[in-house]
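Below: the structure, in structure tokens.
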4 protein chains.
Amino acid sequence: MARAASTLELRQAAKREAILRAALELFAERSFDGTPMPLVAERARVGTGTLYRYFASKEALGNAVYREAKAAMRRALVESLPPGLAPREHFGRLWRGLARFTVGEPATVRFLEMQHHEDYLDAESRAAGGELMESVADFLRGAQAAGAVRPGPPEELIALALGAFVGLVKEAANGRFALDEAAVARAEEAVWALLARPPEDRP
Amino acid sequence: MARAASTLELRQAAKREAILRAALELFAERSFDGTPMPLVAERARVGTGTLYRYFASKEALGNAVYREAKAAMRRALVESLPPGLAPREHFGRLWRGLARFTVGEPATVRFLEMQHHEDYLDAESRAAGGELMESVADFLRGAQAAGAVRPGPPEELIALALGAFVGLVKEAANGRFALDEAAVARAEEAVWALLARPPEDRP
Amino acid sequence: MARAASTLELRQAAKREAILRAALELFAERSFDGTPMPLVAERARVGTGTLYRYFASKEALGNAVYREAKAAMRRALVESLPPGLAPREHFGRLWRGLARFTVGEPATVRFLEMQHHEDYLDAESRAAGGELMESVADFLRGAQAAGAVRPGPPEELIALALGAFVGLVKEAANGRFALDEAAVARAEEAVWALLARPPEDRP
Amino acid sequence: MARAASTLELRQAAKREAILRAALELFAERSFDGTPMPLVAERARVGTGTLYRYFASKEALGNAVYREAKAAMRRALVESLPPGLAPREHFGRLWRGLARFTVGEPATVRFLEMQHHEDYLDAESRAAGGELMESVADFLRGAQAAGAVRPGPPEELIALALGAFVGLVKEAANGRFALDEAAVARAEEAVWALLARPPEDRP
DNA sequence: GATGAATGAGCGTTCATTCAT
DNA sequence: AATGAATGAACGCTCATTCAT
């Protein structure tokens with residue numbers, strides 16, 4: 001049985017969270033390269049040296065932020081998914097879960113969308129999020145077998161659909177249009193059309 | 001009658017090109033912030049000081065790279081577009097033009113996809129490429145009027161479709177799958193379904 | 001009641017002093033423009049980066065050095081001045097105070113004599129030392145009213161007398177002659193003759 | 001017998017003069033360290049490389065400017081001096097010659113007043129102007145023998161008197177007062193009092 | 001002889017990281 | 001365990017000097 005966490009351990013966990021949160025926000029706002037460690041410390045309300053008690057280096061902090069972000073996104077999507085849904089509804093839950101997550105955690109989404117994670121990500125981080133990808137791919141394979149989704153490598157379909165979502169969010173952030181519920185719903189329809197097996201192919 | 005370019009002018013133009021090329025590649029590989037000017041100089045095979053004879057600052061170089069990239073992309077897409085095409089074929093040309101350009105100029109596409117351009121772009125650069133966006137929006141409006149494309153703000157549709165393309169390219173670059181002609185063709189079909197007016201809405 | 005200064009605060013104050021001292025000496029030896037910041041750091045026995053923890057920029061350091069120098073000179077002159085002195089003795093105290101200060105702090109005097117302070121001084125620094133000038137001008141006005149000093153704008157007389165002092169110090173520094181007590185005394189007599197109301201004008 | 005100067009030699013002499021003039025003005029305005037060679041070239045209307053055909057280095061140019069400036073000042077003072085003048089009038093000619101030269105050639109005077117010539121002057125330049133100093137010292141010795149000038153090392157008196165002049169010019173340049181003819185005349189009286197043998201010492 | 005494009009050493013400054021307190 | 005003062009390598013950029021034209 002797990003030993004109860006001591007007060008100290010709790011305080012340390014909270015401090016670790018504060019650092020991760022500060023880093024996530026700043027990396028999302030100003031990029032990884034553009035964020036000095038002392039600024040992370042200030043936002044997290046800890047001393048600069050303290051950062052290095054929790055993370056071995058800026059790179060290690062970047063990796064931890066990345067993995068946390070991936071995990072948070074996975075949780076958000078998985079939670080919205082009761083088992084046994086029809087493909088269209090399964091997709092709808094994923095899409096709306098993504099939208100809800102984006103509204104609630106814009107920094108996380110913005111951070112994950114960013115390029116140049118490769119510069120500092122290690123192999124383990126790169127693998128992170130793979131299981132979400134895999135579970136979505138499984139869903140797609142099932143839906144393809146059921147004739148609900150167009151044929152082709154599921155990875156390609158995921159890339160297209162997720163890319164469409166990211167494009168929507170990015171342009172909305174640029175102020176080109178508002179990301180309100182109606183827009184999210186319109187986009188859901190459109191992206192489902194991208195995924196769905198074309199009617200003319202159906203028997 | 002235009003004076004013939006002197007040897008010096010030719011060499012200077014070539015040097016300017018070499019610098020822009022080197023900067024584009026490095027910015028695409030390592031991001032703007034992550035690329036030291038001396039590295040640009042080395043890749044362009046010029047002295048560090050020489051960079052500053054052609055571009056007033058790193059920021060100015062970044063803006064020039066961005067504008068060149070936008071212009072190159074516009075040229076690639078516009079060239080593939082004879083007038084008077086049917087919507088499906090018009091879209092097909094754009095999509096395949098984009099794919100061809102991506103294969104031929106991966107650094108340019110990767111660079112343009114990147115975030116955090118805002119940190120160094122000036123107003124003129126920000127406006128660059130707007131006309132391409134506008135002409136695609138015009139195409140979509142026409143196609144919507146003709147009943148070929150689903151209703152809704154064209155900017156949202158562009159964001160979704162272009163996002164899908166970017167997602168495809170990005171994941172292909174991550175090695176998840178190959179971006180061969182078949183994949184491009186499959187994706188073209190899928191994204192056209194995203195854009196097209198759903199059959200069930202048609203009279 | 002003032003809190004006692006901690007060890008750290010004392011060390012920091014000492015470090016700040018060391019930087020100001022090193023900068024003063026180097027600026028006096030080689031001019032502001034001619035002194036690289038790493039050289040200041042080396043002379044002050046701190047790392048280059050440490051300079052920027054105490055002064056925001058080279059310009060800020062230059063201003064601080066200037067203001068300290070002006071203040072030190074003012075202190076040296078004011079201290080030598082009990083109130084109620086006769087004009088001749090008042091001048092003598094100023095002159096000998098200046099001489100003593102020059103011998104004790106040659107770098108400070110040499111630095112203040114330098115040109116091209118304007119290039120980096122801010123408005124506040126420019127104003128520094130004005131009160132010393134003003135108090136000497138007041139003394140001269142009083143002495144003129146008492147018939148002890150020749151008529152004319154006090155600023156001109158100050159410029160001449162202080163210029164004479166500076167000329168003396170500069171040529172002595174060039175090795176043309178020694179600035180011993182006898183020379184200072186001879187010069188005091190001569191410069192008083194410059195200031196004093198000519199005997200033939202006296203009733 | 002000297003060969004007549006060829007057209008080329010004349011053009012070169014003119015170019016040399018233009019460079020020296022440009023350098024003098026810029027060094028006076030912005031200091032030696034603060035003046036880039038390309039700026040000298042631009043002001044002299046020659047190519048940057050051309051500077052190095054006339055002067056081996058920036059340092060060599062600085063030395064040449066300095067020597068020219070010293071020589072110009074010597075010429076201005078010597079020309080105002082017919083032989084056989086009484087001490088008071090001899091001094092008056094020197095003083096007014098200095099004032100006239102300052103008005104006509106402010107850049108030269110400002111340049112010569114500047115500190116930190118030592119950083120680049122060679123031995124020969126340092127010696128330049130010594131003969132003027134020597135001739136003034138001779139005048140003073142004669143005037144001392146005649147009982148017109150106060151006793152003491154002539155070098156000290158020169159340092160005081162010249163320093164007073166420089167102080168006057170410097171403060172006038174700072175805008176503290178105008179350097180008009182009346183001010184110059186007042187200062188002449190005052191500085192003569194500095195030099196003159198005090199009346200009470202006279203038999 | 002004259003040029004100015006090219007160079008790289010060296011500038012002022014920042015920031016990831018260390019370590020004495 | 002926590003801190004933040006201290007550091008120096010590395011940044012963007014300048015400029016004295018060279019050399020192909």
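Residue numbers start from 1 in every chain, and the chains themselves are labelled A, B, ... in the order their sequence lines are given, proteins ahead of strands. In this text, all values refer to a predicted model and were calculated from it rather than measured experimentally.
The strand DNA chain E forms stems, runs of 3 or more Watson-Crick or G-U wobble pairs with distances below 3.5 Å, at E:2-21 with F:2-21.
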Candidate pair D:E68 and D:R16, rule salt bridge (charged side-chain N to carboxylate O under 4.0 Å, His left out), full reasoning: CA-CA 12 Å; D:E68 283 288 322; D:R16 199 187 134 91; 5.0 Å; no
Evaluation steps, salt bridge (charged side-chain N to carboxylate O under 4.0 Å, His left out), between A:E25 and A:R21: CA-CA 6 Å; A:E25 290 173 7; A:R21 184 86 222 161; 3.2 Å; yes
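In this entry the distance linking CZ of B:F55 with P of F:dT14 reads 15 Å, nearest Å. Here the P atom of nucleotide E:dG8 and the CE atom of B:M37 are 15 Å apart, to the nearest Å. The OH-P distance, from C:Y52 to F:dC11, rounds to 17 Å in whole Å. At whole-Å resolution of the value, CD in B:E59 and P in F:dC11 are 18 Å apart. Note: CD1 (A:I19) to C1' (F:dA1) measures 12 Å, nearest angstrom. In this structure, CZ of C:F27 is placed 9 Å from P of E:dG12, rounded to the nearest angstrom. Computed from coordinates, the C:F32 CZ to E:dC11 C1' distance equals 12 Å when rounded to whole Å. Taking atom NZ of residue B:K58 and atom C1' of nucleotide F:dC11, one finds them 8 Å apart after rounding to whole Å.
Not one N or O on the side chain of C:K70 forms a donor-acceptor pair closer than 3.5 Å with the backbone of C:V65.
For CD of D:E118, the number of neighbouring non-hydrogen atoms (other residues, nucleotides, ligands) closer than 6.0 Å is greater than 12. Counting non-hydrogen atoms of neighbouring residues, nucleotides and ligands closer than 6.0 angstrom, the CZ atom of A:R126 exceeds 12 such neighbours.
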Whether each nucleotide of nucleotides 2-8 of chain F has a protein heavy atom under 4.0 Å at its base (B), only at its sugar-phosphate (S) or at neither (-) is summarised, 5' to 3', as BBBBBBB
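In plain terms, the two heavy atoms of C:P36 and C:R30 that are nearest each other are CD-NH1, 3.5 Å. Contact record, C:V40 with C:I19: CG1-O, 4.2 Å, taken as the closest heavy-atom pair.
The existence of a salt bridge linking A:R67 and A:D122 is confirmed by a sub-4.0 Å separation between a basic side-chain nitrogen and an acidic carboxylate oxygen.
Each of A:Y66, A:F32, A:F55 was compared with A:Y120 under the ring pair (Phe, Tyr, Trp, His ring centres under 6.0 Å) criterion, and only A:F32 meets it.
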